[in-house]
Engineer: 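One structure follows; several queries about it will come next.
Every heavy atom of this structure was used, including side-chain atoms; hydrogens, water molecules and symmetry mates were not.
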Amino acid sequence: DARVSVAAGRIAIESLAGRRERAKGLAGALVERTSAAEVERRLNGIGYRFLSQGEKETAARIFELNTELFPEAFNTWDSLAEAYAALGRVAEAIRNYERTLELNPDNASAKAALERLRAEGAVRPFRP
């Protein structure tokens with residue numbers, strides 16, 4: 001539905017403009033009209049479009065919003081970890097991959113990325 005895509009774009013714009021609470025309010029309203037899974041998926045898609053265009057910091061900001069909106073969705077943490085890894089923010093990427101694995105221990109791609117990041121950065125596992 002094009003209206004859902006437009007609404008998700010508006011959420012992203014509000015967030016990127018620094019109006020995070022407004023973005024969260026719009027997201028809540030959109031969830032009521034569609035579903036949490038749909039809003040999460042649309043925002044993730046927006047984040048990946050930015051990431052694919054080399055706008056890594058912008059993508060990370062969208063993924064950060066998505067983790068705030070849907071903290072129990074493993075995919076939001078996985079996407080944020082990917083953006084942080086692309087930015088070279090290895091310790092943050094590792095923490096987010098660990099979080100996604102807490103939520104979904106069967107996420108093979110997150111396990112592989114985590115092993116690769118630890119091997120590349122010789123970083124010890126994060127312990128809160």
Side-chain angles (χ1 to χ4, degrees):
D1 181 342
R3 290 178 296 180
V4 176
S5 293
V6 169
R10 188 166 175 215
I11 292 164
I13 289 168
E14 291 294 331
S15 178
L16 293 171
R19 295 184 292 269
R20 200 77 152 186
E21 293 308 312
R22 174 88 175 122
K24 289 178 182 180
L26 291 172
L30 186 57
V31 164
E32 289 177 13
R33 292 195 323 261
T34 59
S35 70
E38 183 64 18
V39 175
E40 173 204 329
R41 187 181 71 76
R42 299 286 178 130
L43 288 174
N44 236 41
I46 292 168
Y48 275 112
R49 275 190 292 265
F50 281 115
L51 195 59
S52 72
Q53 295 171 3
E55 296 289 333
K56 299 171 198 170
E57 195 64 48
T58 303
R61 290 175 59 200
I62 296 297
F63 295 142
E64 287 165 353
L65 173 66
N66 223 7
T67 62
E68 289 175 35
L69 293 169
F70 308 105
E72 298 305 314
F74 78 91
N75 194 46
T76 63
W77 298 99
D78 187 81
S79 299
L80 181 55
E82 189 174 337
Y84 284 158
L87 285 163
R89 294 162 62 176
V90 176
E92 290 169 289
I94 287 171
R95 280 194 298 273
N96 283 280
Y97 278 126
E98 289 174 341
R99 177 66 178 139
T100 196
L101 288 170
E102 288 172 10
L103 296 168
N104 179 10
D106 298 326
N107 186 337
S109 65
K111 287 178 186 178
L114 189 55
E115 286 180 25
R116 187 187 76 248
L117 285 171
R118 285 187 177 143
E120 289 174 1
V123 178
R124 290 185 308 278
F126 173 73
R127 301 284 180 247

Engineer: Which value, rounded to the nearest 0.5 Å, describes the distance between L43 atom CG and L65 atom CG?
Structural biologist: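 If I round to the nearest 0.5 Å, the distance is 6.0 Å.
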Engineer: Against R42, only a single residue in N66, I11, V4 fulfils side-chain contact (heavy atoms from CB on, under 4.5 Å); can you say which?
Structural biologist: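 Single pass found, and it is V4.
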Engineer: Say you draw a straight line from OH of Y97 to OH of Y84; how long is it, rounded to the nearest 0.5 Å?
Structural biologist: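 If we round to the nearest 0.5 Å, Y97:OH and Y84:OH are 12.5 Å apart.
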Engineer: Output a table of donor-acceptor pairs, distance under 3.5 Å, between side-chain atoms of residues 29-36 and any protein atom two or more places apart or on a different chain; print 'none' if there are none.
Structural biologist:
{"from": "T34", "atom 1": "OG1", "to": "L30", "atom 2": "O", "distance (Å)": "2.9"}
{"from": "S35", "atom 1": "OG", "to": "E38", "atom 2": "N", "distance (Å)": "3.0"}

Engineer: Mind listing the closest non-hydrogen atom pair of L103 and P71 along with its distance?
Structural biologist: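 Heavy-atom minimum between the residues: CD1-O, 3.7 Å.
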Engineer: Which heavy atom of A85 sits nearest to which heavy atom of A93, and what is that distance?
Structural biologist: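 Here A85 and A93 meet closest at N-CB, 3.6 Å.
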Engineer: Please report the shortest heavy-atom distance between N96 and A81, naming the atom on each side.
Structural biologist: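 In this case the closest contact between N96 and A81 is CB-CB, 3.6 Å.
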Engineer: Examine L101 and F74 and state if one hydrophobic cluster contains both, with Ile, Leu, Val, Met, Phe, Trp and Tyr joined whenever side-chain heavy atoms are less than 4.5 Å apart.
Structural biologist: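 Cluster IDs for L101 and F74 differ.
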Engineer: Below 4.5 Å, heavy atoms only, C-beta onward: do T100 and N75 meet side chain to side chain?
Structural biologist: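 No, too far: nothing below the 4.5 Å cut-off.
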Engineer: Considering all heavy atoms of both residues, which atom of L51 and which atom of A59 are nearest to each other, and what is their separation?
Structural biologist: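 Looking at all heavy atoms of both residues, the closest pair is N-CB, 3.7 Å.
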Engineer: How long is the span from the CZ atom in R95 to the CG atom in L80, to the nearest 0.5 Å?
Structural biologist: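 Reported value, rounded in 0.5 Å steps: 10.5 Å.
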Engineer: Heavy atoms only: give me the nearest A12-I62 pair and the separation to one decimal.
Structural biologist: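 For A12 and I62, the tightest heavy-atom pair comes out as CB-CD1, 3.5 Å.
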Engineer: Indicate yes or no: does K24 engage E21 in a salt bridge with an N to O separation below 4.0 Å.
Structural biologist: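 Salt bridge: yes.
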Engineer: Any non-hydrogen side-chain atom of N44 less than 4.5 Å from a side-chain atom of F70?
Structural biologist: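 Side-chain contact under 4.5 Å: no.
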Engineer: Checking I94 against R118 for the side-chain contact (heavy atoms from CB on, under 4.5 Å) test, could you report, in this order, the C-alpha distance in whole Å, the side-chain angles of both residues, the deciding distance, and whether it holds?
Structural biologist: CA-CA 8 Å; I94 287 171; R118 285 187 177 143; 4.1 Å; yes
Engineer: Do F63 and E82 touch side chain to side chain, with heavy atoms closer than 4.5 Å?
Structural biologist: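 SC-SC contact between F63 and E82 ruled out.
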Engineer: Same cluster or not: are L114 and W77 linked, directly or through other Ile, Leu, Val, Met, Phe, Trp or Tyr residues, by side-chain heavy atoms under 4.5 angstrom apart?
Structural biologist: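 Each belongs to a different hydrophobic cluster.
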Engineer: What pairs meet the salt bridge (charged side-chain N to carboxylate O under 4.0 Å, His left out) rule with one or both residues in residues 47-62, with sequence neighbours excluded?
Structural biologist: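 Every pair satisfying salt bridge (charged side-chain N to carboxylate O under 4.0 Å, His left out) with a residue in residues 47-62: E57-R89.
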Engineer: Charged N to carboxylate O below 4.0 Å: is that the case for K111 and E98?
Structural biologist: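 Looking at E98 together with K111, the answer is no, because their closest N to O distance does not fall below 4.0 Å.
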Engineer: Closest heavy-atom contact between A60 and L87?
Structural biologist: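 Closest heavy-atom pair between A60 and L87: CB-CD1, 4.0 Å.
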